[in-house]
> 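Okay, here's the structure, questions in a sec.
Lettering of chains follows the sequences in order, A, B, ..., and the numbering in each one begins at 1.
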Number of protein chains: 2
Amino acid sequence: MATIYDVSVMAGVSLATVSRVVNNNAKVSEKTRLKVLEAMEKLDYRPNATARSLASNRSDSVGVLVSQLEGPYYGTMMQQIEEALRSAGKHVIIAAGRSDEALEKDGVEFLLDRGCDALVLDVEAVTDEYLVQLAKGRTPIVLINRYIDAIQDRCIYLDNEQGGYLATSHVVSLGHRDVAYVSGPLYKLDVRQRIAGHKRALAEAGIDYDERYFVEGDFAEDGGAAAMEALLERGVPLSAVVCANDRMASGAIAVCLERGLSVPGDISVMGYDNNPLPRYISPTMSTISNPIHEMGKMAAHWVLKHVYQVDVAIAFEFMPTLIPRGSTAVKTP
Amino acid sequence: MATIYDVSVMAGVSLATVSRVVNNNAKVSEKTRLKVLEAMEKLDYRPNATARSLASNRSDSVGVLVSQLEGPYYGTMMQQIEEALRSAGKHVIIAAGRSDEALEKDGVEFLLDRGCDALVLDVEAVTDEYLVQLAKGRTPIVLINRYIDAIQDRCIYLDNEQGGYLATSHVVSLGHRDVAYVSGPLYKLDVRQRIAGHKRALAEAGIDYDERYFVEGDFAEDGGAAAMEALLERGVPLSAVVCANDRMASGAIAVCLERGLSVPGDISVMGYDNNPLPRYISPTMSTISNPIHEMGKMAAHWVLKHVYQVDVAIAFEFMPTLIPRGSTAVKTP
DNA sequence: CTGTTAGCGCATTCAC
DNA sequence: GTGAATGCGCTAACAG
């Protein structure tokens with residue numbers, strides 16, 4: 001592997017001059033520049049990113065920490081981030097936190113130690129306090145899917161309260177009053193926000209909140225199925241079930257159909273996230289859009305703007321929208 | 001940020017000694033070790049990975065290049081790789097190649113320049129020759145989903161020919177003889193291998209291969225729908241359609257149902273990959289298992305074994321299996 | 001068992 | 001416009 005020194009020798013110039021033409025950040029006469037370029041070419045010289053990083057204290061790479069890599073959710077986000085960054089010559093180092101506080105912190109430290117120029121975090125287990133503290137450090141961070149007042153200028157988030165509100169008010173507006181809610185794990189902030197929106201929609205319709213209509217799920221299809229079964233066991237009248245994500249809604253619908261209940265004839269079911277599902281599925285899923293890819297892209301733009309001085313516009317808050325489809329319908333008497 | 005020097009001063013030892021206790025790779029008296037650990041603790045010392053990498057010529061990170069990050073396919077693979085590597089204290093740097101030769105090469109060079117200890121590649125646009133050459137370099141590489149004879153000891157792959165064979169022989173064994181095939185993009189090697197298996201199954205059943213029963217698709221749902229429509233337009237008798245992946249099979253089924261054709265009553269449809277699909281979908285998808293997560297894990301193990309001297313067993317070839325479900329049935333007269 | 005010394009490959013003052 | 005010198009933080013011989 002040729003080094004900058006080899007190039008300088010072949011070009012008959014100093015090492016500093018080679019560095020200048022490589023980085024194109026100082027005046028170099030056209031003549032010597034050409035000599036250097038020729039030598040670089042001949043030696044197939046490629047700068048050593050590690051050495052450059054050590055000397056300059058920049059790495060041209062940004063760390064991304066997500067809670068998991070699989071599923072329809074993070075893949076599209078990662079794709080957007082990688083794409084936006086790579087097209088600006090920056091690169092991505094990935095770590096997965098698995099919704100575990102220790103693992104998330106470990107991931108952050110790893111990315112920090114690797115000398116990332118910035119961190120994009122989609123984390124849920126660490127505390128606000130930790131993140132606020134982290135934000136004071138030398139490495140800029142930007143949060144996806146999380147709003148913290150003290151560092152709101154680094155938060156790219158979805159208005160989940162509004163999303164929860166939209167979902168429930170949709171079924172309420174169809175005439176449903178016996179509306180159950182299948183939430184995600186309660187330790188997650190966005191889950192609690194969606195619940196708050198759900199409650200607001202109920203209150204607005206003058207419907208009392210009733211614990212018997214609530215089940216905590218796990219965001220997985222089987223969990224949605226189990227939740228649906230639990231609700232049916234409870235023997236309370238039920239005409240609509242709002243789920244905190246599409247996967248649980250799928251499980252809930254499956255249980256209904258298996259028990260001979262028609263969806264949406266007997267029970268309306270709402271999802272959340274707008275996951276891609278096969279087009280021939282029946283019923284199609286009424287859901288709430290979750291523009292996660294937009295947020296990923298925006299997080300990348302935030303980094304480009306604040307760390308690499310690229311001139312791009314930034315939006316912080318994203319609004320969910322209702323996508324009514326076939327799994328919800330007007331309440332029949 | 002405290003450096004190793006700060007620690008050595010506070011502990012009253014030399015810089016080399018600190019390095020020894022950090023790396024735990026040489027005898028240090030228990031007494032001085034404790035002094036050092038205490039100083040590290042007090043200063044909240046964390047080694048600078050970049051400097052360490054430059055000095056030692058190792059980075060404890062491995063590069064992973066995939067053609068895309070989104071979709072059900074690569075997420076689960078990435079997850080397995082990250083998990084296996086992280087639990088061994090190694091880390092993952094990701095790049096996406098987007099099935100473009102230039103981008104794939106660019107990704108490889110980036111990962112190489114970052115000083116990755118090894119590369120895991122799931123690439124399709126670069127030539128065998130390029131990869132063989134790359135394998136001769138100083139950085140070990142391992143290939144997923146690609147078999148190259150000259151470097152077979154670095155290939156983790158699925159027997160796609162066999163998968164293609166299984167898919168088609170399944171419907172043939174159900175009595176179908178008018179069997180269409182919707183392939184993926186022909187420039188992809190695994191696509192051609194699946195086709196070869198398809199042809200073998202036909203030949204074995206004494207069915208002549210007929211171009212009118214072949215459509216090149218794009219691995220996307222809409223492409224599968226378009227392919228199905230094209231097949232129906234052709235006006236040839238049709239009793240089964242074998243698709244090169246589940247997503248296209250979904251599109252194909254959608255078109256059948258929209259046209260009032262029953263699946264599998266009128267037409268049997270086969271998928272490939274065994275993607276997760278909602279449990280309430282009807283018909284359920286007959287498919288071929290593609291143990292991509294296993295292959296991801298194995299690639300990580302390969303790296304652990306050959307680069308980091310961890311003692312693990314390696315399997316190179318993975319066999320697809322038939323998963324018959326509801327979208328295929330015995331041919332009715 | 002411990003300290004000294006020399007780089008790893010490059011960016012970045014400073015002189016000239 | 002160009003070169004010489006210094007150091008980024010750490011590892012790895014080599015002595016002792």
> With distance as the sole criterion, is a donor-acceptor pair present between the side chains of B:N57 and B:R52 under 3.5 Å?
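Judged by distance alone, the side chains do not pair up.
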
> A:T32 and A:S29: side-chain donor and acceptor closer than 3.5 Å?
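A:T32 vs A:S29: donor-acceptor pair found between side chains.
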
> Establish, from distance only, whether the side-chain atoms of B:Y147 and B:D149 form a donor-acceptor pair under 3.5 Å.
yes

> What nucleic acid atoms does A:V18 come within less than 4.0 Å of, heavy atoms only: base, sugar-phosphate, or nothing?
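Since no nucleic acid heavy atom lies under 4.0 Å of A:V18, the category is nothing.
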
> Are a donor atom and an acceptor atom from the side chains of B:Y45 and B:T3 found within less than 3.5 Å of each other?
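Per modelled atom types, B:Y45 and B:T3 side chains form no pair under 3.5 Å.
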
> Looking for any heavy atom pair under 4.0 Å, which part of the strands does A:V13 touch: base, sugar-phosphate only, or nothing?
sugar-phosphate

> Which residues, if any, of residues 25-43 of chain B bring a heavy atom under 4.0 Å of DNA chain D?
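Residues of residues 25-43 of chain B under 4.0 Å from DNA chain D: none.
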
> Kindly determine whether A:E109 and B:R46 satisfy salt bridge (Lys or Arg N to Asp or Glu O under 4.0 Å), including the steps that lead there.
CA-CA 9 Å; A:E109 301 218 330; B:R46 297 208 322 264; 3.7 Å; yes

> Run the side-chain contact (heavy atoms from CB on, under 4.5 Å) check on B:M1 and B:D44 step by step: do they pass?
CA-CA 8 Å; B:M1 209 46 149; B:D44 188 26; over 6 Å; no

> Testing B:E38, B:R33, B:M40 one by one against B:V36 for a side chain to side chain contact (heavy atoms under 4.5 Å, CB included), which residue passes?
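That would be B:M40; it is the only one of B:E38, B:R33, B:M40 passing the side chain to side chain contact (heavy atoms under 4.5 Å, CB included) with B:V36.
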
> Walking along DNA chain D from 5' to 3', note the first and the last nucleotide with an atom under 4.0 Å from a heavy atom of chain A, and give both.
D:dG1 to D:dG9

> For nucleotides 6-10 of chain C, which of its nitrogen or oxygen atoms have a protein nitrogen or oxygen under 3.5 Å away, and what is each distance?
| residue | atom | partner | partner atom | Å |
| --- | --- | --- | --- | --- |
| C:dC8 | O2 | B:A55 | N | 3.3 |
| C:dG9 | N2 | A:A51 | O | 3.4 |
| C:dC10 | OP1 | A:Y45 | OH | 2.6 |
| C:dC10 | OP1 | A:N48 | N | 3.0 |
| C:dC10 | OP2 | A:I4 | N | 2.4 |

> Given side-chain contact (heavy atoms from CB on, under 4.5 Å), test A:T50 with B:R114 step by step and report yes or no.
CA-CA 6 Å; A:T50 305; B:R114 297 284 326 157; 5.9 Å; no

> Using nucleotides 13-16 of chain C, report all nitrogen or oxygen pairs with the protein that are shorter than 3.5 Å.
none

> Taking atom OH of B:Y187 as the centre, does the number of heavy atoms from other residues, nucleotides or ligands within less than 6.0 Å exceed 12?
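Atom OH in B:Y187 is packed in, count exceeds 12.
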
> Applying ring pair (Phe, Tyr, Trp, His ring centres under 6.0 Å), can you list everything that pairs with B:Y308, at least two apart in sequence or on another chain?
none

> What pairs of donor and acceptor atoms, side-chain ones from residues 87-95 of chain A against any protein atom, are under 3.5 angstrom apart with sequence neighbours left out?
| residue | atom | partner | partner atom | Å |
| --- | --- | --- | --- | --- |
| A:S87 | OG | A:E83 | O | 3.3 |
| A:S87 | OG | A:A84 | O | 3.1 |
| A:K90 | NZ | A:D60 | OD1 | 3.1 |

> May I ask you to check whether B:D122 and B:Y73 show a side-chain donor-acceptor distance below 3.5 Å?
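No, no side-chain donor-acceptor contact under 3.5 Å.
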
> Give a yes or no answer on whether the side chain of A:T76 reaches the backbone of B:E70 with a donor-acceptor pair at less than 3.5 Å.
no

